[in-house]
Amino acid sequence: MWETIIIQPFTNVLLLINSLVHNFGVSIILFTILIRLLTHPLTVQQFKATKAMQGLQEDPRYKKIQEKYKNDKEKLSQEQMKLYQEKGIKPLGSCLPTLIQLPLILGLYQSVTKAMASSPFEFFQLEKIIYPKLINAAELLPLEHQFLWMDLGQPERINLFGLSIPLLAIIVVATTFLQSKLLQPPTSANDQSAMLTKSMSIYMPILMGFMAYSLASGLAIYFLTSNVFGIIQYAILGRANWSNIFPFLKKKDEDTKTGKGKKEIVDVEPEDIPEPEEEPEEKTVNMKPVMPKKKRPQRKKRK
Amino acid sequence: MKKTYVLLITVFIGITLLLSACVPGPRVTGSPGITLSGDMVFVSYSNFVYGLDAATGSMEWAYPDEADNQVVFYAPPLVTDEFVYVGDLANEFHKLEKESGKLVWTYPDASSYYIGQAAEANGVIYVPCNDGALYALDDQDGKFLWKFETGHYIWAQPQITEDAIFVSSMDHFVYAISKDGDELWSQELAGAVVSTPLLSEDGSTLFVGSLGAQMVALDTSNGEIIWTFDSAESVWGNAILIENALYFADSAGNIYVLDAEKGEQLWKIELGSPIVGGLTGIEGGFTLATEDGVMKAFDTEGTPLWESTPGGEIIQAPAVNEEFVIVGSINGDNLLYGFNLSGVQIWSTTPEN
């Protein structure tokens, strides 16, 4: 099922691209870009939903609910749902596009692996899934596995000054780190999601670097292309927080806010403008809760 | 908050450890390489090369002593009177003692790994490699003599005559090389060549099946095509010669029998299931395994002799000697199955060290 719906068509498209460009390294790059372009609308949708959720977290009503029901999880979730409905926010809106993208990205990874068949068994499995009307397998296969200095079927190493250096793995680590950093929202250090994103920006590069170091370089090229595409995509969508990479930009922003620097004209979408704060029912913020005075039960006098 | 942070770190460390455990050197999936020699069967699979008793399937030795995730074997071993030669997926080629499995020497300098079976002649070991080169090594000490580079992987065993070495490559070419490593001639075919070319008895003709759905006969003196036969699908497996008839199979499940001199079809059998490993000659006929795990034997006229179903997927030709037929299967109940020449299964095993 998975093979027929995802792997087979993906592999055939990858091979079709290869039959046009006659270079498997370039084919992997083009195919990755193609899949990422196809999933672009989902990414945009995901960004919008994330932005709306982030905006909501700054909403005074949201903060008030968090504070008020911090000891009653059930009530808290009910009130949050009410607020989501009121604001027209779908809580799964940021997860759903990711979930839809995941099988496609996994399929992309598997089809690259499949096309790099490196043994008779793998080669036979590849030949079995080729659409004969689309691709002339006898002419096209096996694919040329040399790309620049790399053997695409082998983990990449480059010999520099007598040392065998995993250059591609290092670049994958750097681009994964860059990508994670750019996605990190500029929020307070205590924010839970910011903490999660921060830790992701540490562990994801390690994980991806390890995979690029151990797996065939064809897959490392896919990781690298995907990262570079992601960075460009964030930049175009205006979601890249460059100040996380270049701290002087943050300082510049702060200066602008405090009026020290030049004023910047910022496009603000209507949904970003916080709603006017409602009159709080009870003045509980930053105040000790005032307990109603209870009447002390009168003691019965003993006779 | 702290709990979430700790949980996240734990999950990532867990995933990293899991991946490090799962990832061997090159991620290649293969089927067992099997060679039958005398009363022993030699099998390369996963992290070991095994020496087994051909009569019982019991393990005599395993090499290396302990599994190393980086070292994986799929190439069929070359077995001579005293030694076993086999390449691994960590780019090393090993010479072992046949009786004990003890290491004699290794050649570690190839730039890729080994899938094809080596060949030996006059004290020189000819080793096909996935870096596209055929390496000539000194049998005594594993010293590099020369290498001949082709355009792609070499998975087929080289064939050797007095004057030349014939090697087919996945680059769609067949090459004739002198004993000094110089090219004598090359011939382009319709597709990549996985199967081992077959030399005629007098060494004048080389029969080569390709993934371009063709069987060709080449003149070994100059590489010129004597005849071409178009099969329905790609030819993956080895051909055999019985008297003056050439027997081979294609991936559509057809067994063709041709006049070896003229390339004309004499008769064919349609089995319907892909035959990947090719055919192996037995007394009075031939045996084969279909990809869907069925063993079959026929006489030279195409009359079925016996059939057995070990199961799993079989993509290699059965290994045969005067007493036994051994076949390797993947994704089945066991890895190896032993039969007598009447097709009666006598043992099955999955060797574990």
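Just so we're clear, the structure is a prediction, and the values are computed from it rather than from any experiment. In what follows, chains carry the letters A, B, and so on, assigned in the order in which the sequence lines appear, proteins first and then strands, with residues in each chain numbered from 1.
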With only heavy atoms counted, which part of B/L211 is less than 4.5 Å from chain A, the side chain, the backbone, both or neither?
-> both

With chain A, the option among B/S31, B/G116, B/G212, B/S234 that has the most non-hydrogen atom pairs under 4.5 Å is B/S234

So which part of B/E291 gets closer than 4.5 Å to some heavy atom of chain A, the side chain, the backbone, both or neither?
-> side chain

Is the OH atom of A/Y213 crowded by more than 12 outside heavy atoms at less than 6.0 Å?
-> no

Below 4.5 Å from any heavy atom of chain A, which atoms of B/S111 appear? Answer side chain, backbone, both or neither.
-> backbone

Residue list, side-chain contact (heavy atoms from CB on, under 4.5 Å) with B/N238, at least two apart or on another chain | B/S195, B/T196

Side chain, backbone, both or neither of A/Q146 within contact of chain B (heavy atoms, under 4.5 Å) | neither

Kindly say whether B/S169 contributes a backbone atom to a donor-acceptor pair with the side chain of B/H172 at under 3.5 angstrom?
-> no

Sub-6.0 Å ring centroid separation between B/F173 and B/H152 | no

Is there a side-chain contact between A/L219 and A/M211 (heavy atoms, below 4.5 Å)?
-> no

B/F93 pairs by ring-ring contact (aromatic ring centres under 6.0 Å, His included) with which of B/Y107, B/Y113, B/Y114, B/F144?
-> B/Y114

Measure the shortest side-chain to side-chain distance between B/P351 and B/L336 over non-hydrogen atoms and say whether it is less than 4.5 angstrom.
-> yes

Filtered by a 4.5 Å non-hydrogen cutoff, the part of residues 126-134 of chain A contacting chain B is A/E127, A/K128

Quick one: list whatever passes side-chain contact (heavy atoms from CB on, under 4.5 Å) with A/W2, sequence neighbours left out.
-> A/I6, A/I7, A/P103, A/L106, A/Q110

B/E188 meets the salt bridge (charged side-chain N to carboxylate O under 4.0 Å, His left out) criterion, sequence neighbours left out, with none

With only heavy atoms counted, which part of A/A137 is less than 4.5 Å from chain B, the side chain, the backbone, both or neither?
-> neither

